[in-house]
Amino acid sequence: MISPELALPLSLAFPLVGFVAIWLLDKRPNWREAATLATAVVLLALAIVVFQAVGAGARPAYVLFEVVSGLPIAFEAEPLGAMFGLVASGLWLVNSLYSIGYMRGHGEKHQTRFYMCFAIAIAAAMGVAYAANLFTLFIFYEVLTLSTYPLVTHKGDAKARHGGRVYLGVLMATSIGLLLPAIAWTYAIAGSTDFAPGGLLSAHAEAARPVLGLLLALYAFGVGKAALMPVHPWLPNAMVAPTPVSAFLHAVAVVKAGVFSILKIVVYVFGVDFLHETGASAPFVWIAGGSILLASAIAMHKDNLKARLAYSTVSQLSYVTLGAMLAVSAGVMGGALQIAAHALGKMTLFMCAGAIMVAAHKEKVSELRGLGRTMPITFVCFFIGAVSIVGVPPLAGSWPKFFLMLGAADAGQIAMIGVLMLSSLLNVVYLLSIPAVAFLKPAKGADAPLEKEWYAGPLYDGRNALPRDPVKEAPPFCLIPIILTATGAIVLFFFSGALYDYLLPLTETGR
Amino acid sequence: MPHLILRVTTKMFFAPILLFALYVQFHGDYGPGGGFQAGVIFAVAFILHALCFGLEETKKALPQRALTIAMALGVMFYAGTGLATMLLGGNFLGYDALAPHSTHHEGQHYGILLVEFGVGLAVASTMLTVFYHFAGREPEIDPEDW
Amino acid sequence: MNLMAQLPVLPVVIPFVAGALALLLPKGRAPWAWATFVSWLSFLASALLLREVAATGPVSYHLGDWPPPWGIEYRIDLANAIVLALVSGIAAAVAPFAYESVRAEIDERQSPYFYAAFLICVSGLLGVTATGDAFNIFVFLEISSLSTYALVAMGGRQDRRALTAAFTYLVMGTLGATFFVIGVGLLYHATGTLNLADLHLKLAGQHNRVVEAGFAFILVGIGLKLAMFPMHLWLPNAYAYAPSAVSAFLAATATKVAVYVLVRFFYSVFGLDFAFLGDALTYVLLPLGVAGMFVASLIAVFQHDVKRMLAYSSVGQIGYMLLGLSFGTREGLAAALIHLVNHGLMKGALFLAVACVVYRLGDHRCAAFSGLARRMPVTTWAFVLSGLSLIGVPGTVGFVSKWYLLEASFAAGHAWAAFMIVASSLIAVLYVGRVVELMLLREPPEQGPLSEPVKEAPLSMLIPMWALVAANLYFGLRTEFTAGFAEQAAAALMTVSGGR
Amino acid sequence: MIDLAFIAERYNYWIFIVLMMIGVYIVISRGNLVKKIVGLNIFQTSVFIYYISIGKVAGGTAPILPAAYESGHEGKGARASAAHGESAPAPGAASGESLHAAPQSAPEALPANDLASAVAQTPQGAGPSGEAGLHAAPGEAANPLLAPPDGAGDAASALGEAAHKAAEIVYSNPLPHVLILTAIVVGVATTAVGLALAVRIREAYGTIEEDELEAADDIAEFGAAFGEKAEGARA
């Protein structure tokens, strides 16, 4: 068994090995994909080693070197980071499987570049997860932004360019324009950027107090990846990317890295108690609450399936921000659990959307009528994912909501309980309506005869531009990951207690 | 030929001007003078020549290539003296290293002479180069235009 | 001859002598090979010097064995050792690069003159940096400027606008140098000495009009030379139309040396006790630095010509250095020095990448960059990486600069300045991003002269370019040579100037 | 109350300022490139006048040894030393004392190669020998060496006497002349380069009037700009 001290740096280095391997195997797709999967498996194993070690109370650490005096690139695994690392690496494995099915099914170009960028991105996500200080976190945060830019603009057409521009523009603008000065300011106040249990700034309360609200605002909006309104536009715009990328953005790494950073900053930089005592975070509770409701409302208007899911993500991620900003331990716990639960749920939804695209070439909710009968597995999984996000037991999504409401009550923000309830209702409307349309409404309209024709007549008449298959379930490479995550969403419900215990040090150190 | 007088006068003056330039050059060690002034005067002789006999004639006597070499050599003399003093164990342009056993800093004389010679050479050739280039761009002055 | 003892003067003297020799070489490969060899020698000497200064402290060298303050002193402390290493290092990278580039852009008969001018320019810049004598600074400044005018004008074969650009540069540069020399004259008037260290001693406690006027003249004169906004108007055209290799060298060194001179005069000569300096910092340098950061960067966004865009970006980046200086604190000074070095590295790499494009496509307008990733991937990635450095992405030198600047602004209590810095970095995202998007996501032009298939630039250009890119990345992560030395240098300068 | 005498006796500075302003004005206002260079030259010349002004000592002569003292190296050495030593700031100098301080500090700051005695024996290539900036060193270096030779010996007493005689004459400060000679060289070089550029511009554009040059560039750019815009739109 490999030691956790070694596993930590290896889990950062190994994706880079995979990167080189993918590069070298450019001309042999099968081997290239095998390299991707092998990397993912090894990475998951390493993440599990770290996760277990942290659960046993160890804090594996690794210092790379000091960049600027007082600012080392250093890593240290703690419960939150270890959990995020595990979620990210686990879902990356699933996502890699799915990518293979999707990319081949879609016949995408530049697949080597695609997998190479993925490898870099996951390395960056692991870096964010294990970062021991703000400085390291920022470095990997930026690497994550840059390495996903080619993924978002993968298609290279005008729409992709526009989407990529917004993606890069918003993320760079917030990170350089707000997050970087915030970190520098923190450094100027505290003389260090290390994550400290109980809060780095709370140890320098006198200097920090006058600017606390401002700093918190800089962090909250500076971590653009957390998609707190109004810095969310990058997320819907990134929808031009291929579906595996969307899944990666929404569930595996990018937004998760954002909300993870927010949680980590609140817990380890500000300190929950310090925030609670000063009340600096109260306005952000409202901003997060507003973000939850507004994004849900927008999601209801979206007919494009992926766009609807994107706004759903904006809404769901604000739960994490909300939990952090409540500045009570139950809120933080709820936020942390939401990271894992939402990852599984949203991953399922996105992969289903991708499967629908691969199999039926449908992108709009209104086009899905009756599709549930031809793609039952996909839509059953979609249903499970949706229910999990709505927060119905026995699915993973119910626990975070429970803790968040508990936290809202603890923090005296009773209104937020209402917000959460309303949000659940809205979720029902915009998410559950999708499988409902697919299963319950009969296929009709312009598409219907065509479908029949596909079943009856010759599949491809030569005049049609696209060779069309009859609609059936997506290829197994697509389907298996979906089933995996949907099952995961159920399983997590029952193991949330274990996860709660695991994350307990997070809130206790604050006390 | 109406400009015969000019030509004859030029011929008469040419050598004395050069001589004067050399005087200014080598007297620079003791009195007013030095490489820059000498170089300019030296160049003036040739410029006068070119004005009266035409640029082509002057270029025959002192081709551009020679000037380029002289320019480089001038700098080399200057910097070379400095390098030589460094090689002899002194500092850059530390002339005393040229005559280390002298009791009255003989090296200073050698050094200043060498350096000034370099400067004179460089200045004279640069001046002439500038003149050649400017004058060379216009058509030759026709004898009828005098 | 004790080589180590002669070290302070070697980086200056070697290219000076070699420049004259280059004039005598036949056209073709010889002048280039000679210039390359010499610039490497000079870099070696500078590097050794930096090592020695870092180990044993400032080195003083008495030219002609005349002791200061009467003789000319070459005084190398960490501040100028760093700049010496930067200038000679950039020269050592540009010289090998220049062969192909120059062959394509300049009449071959001029090549000995080109390399002679190049070496003299290097020598002049190094001289400005190394010398400890105010008037000597002027002389070397003019030696480098004169050769620069000639070098810029050599771009006239490609684009006649190089000639007018060189002329404008000449007029502005001469005005600047003359202002500087008036300032030096006034200081000499007030103190009777020209040695910088001696000037500092004699100026202590003097607060009269003569000294103040001298200060103002020097500030304006050097401000012209370093393209301080709004005295930058000569720079964009000069950089845009000069031969590409020259643009790269100048952008990375010329203005940096001028910034160094400003630092030297502010902190080593006048010192923070000189009350007028504080006012100048707060009311002149700070607003002009910030204005330059924004105005020049914004102009850069709207340029159709990548070289001009980078030139305007340079003006903006100089704003950062001035901002750092204007805090009047040790952190600010360190940040300015760090950015001075780092900006040299990134702009050098960027201009070299553009030079590769010009070499293959003969054009430096945006259109030539369209779809470049397919046609010249190695060059494209060099541009992308150094562009990221210009923006200030972590892992690159640009980030280190930004970090120190931010830290300095917070430490100086100018939190707003920090936001100015990041806001103007975002403008850099715009202009760099525009070109990067063109290169990565567009198709190559389908018709016209730019559509012809091109190969990657030759290795002799790629290697030096990537050496600079690698420096961008390496010094972005390991900063003991840049930030470490700059911090020490800033601390030493602050001690001299009586600041905190 | 305006002290007219105060203003009038500083006429050299007024000349400097007026010439400087004229020069800068010409550079800025004239569109003709050659006229710009002329303006630049006037501007630079004004600086020369300023430098020479500050080297002038009231009642001082040029730093050339009168024939009466021309009795060999020794005399000349003394001449050089005296010349530098007695140099004083021009009237109106803000702080004369700093210059005067230099001589006093000379004895304790003896040069490494024992120049204090050397000065009496070797001519120190005074003012005129200065050529390039590097070269300013000797002239400058000689500055403080006014002290009568303190090296003992039979020669020394004779030397001291000669030096003493020489010291009675007041000389102007030669250092500014040295500096200005260097500046002149730089100025000449700048003018040459500028004129060369003007010639090349005339060949390339057919004019040296700034307005016409700009117009020519604009026309060229507009023609290109049209294409460039199209390319920009495509890009």
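Per chain, numbering begins at 1; letters A, B, ... match sequence-line order.
Using modelled atom types, no side-chain atom of B/Tyr78 and backbone atom of C/Val17 make a donor-acceptor pair closer than 3.5 Å.
Atom CZ of B/Phe77 sits in a sparse spot, with 12 or fewer heavy atoms from other residues, nucleotides or ligands closer than 6.0 Å. When the shell of 6.0 Å around CZ of C/Phe37 is examined, it contains 12 or fewer heavy atoms from other residues, nucleotides or ligands. For CZ of B/Phe13, the number of neighbouring non-hydrogen atoms (other residues, nucleotides, ligands) closer than 6.0 Å is 12 at most. Counting heavy-atom neighbours within 6.0 Å of C/Arg51 CZ, excluding the residue itself, gives a total of 12 or less.
Ranking B/Arg65, B/Met76, B/Met71 against chain C, the residue ahead of the rest is B/Met76, based on heavy-atom pairs under 4.5 Å.
Exactly one of C/Leu10, C/Val13, C/Val12 qualifies for a side chain to side chain contact (heavy atoms under 4.5 Å, CB included) with B/Phe92. That residue is C/Val13.
Taking OG1 from B/Thr85 and CD from C/Gln6, the interatomic distance works out to 7.5 Å, rounded to the nearest 0.5 Å. Note that the CZ atom of C/Phe16 and the CG atom of B/Leu83 stand 10.5 Å from one another [nearest 0.5 Å].
Closest approach of C/Ala20 to B/Ala72, counting heavy atoms only: O-CB, 3.1 Å. C/Leu24 approaches B/Ile69 most closely through the heavy-atom pair CD2-CA, 3.3 Å.
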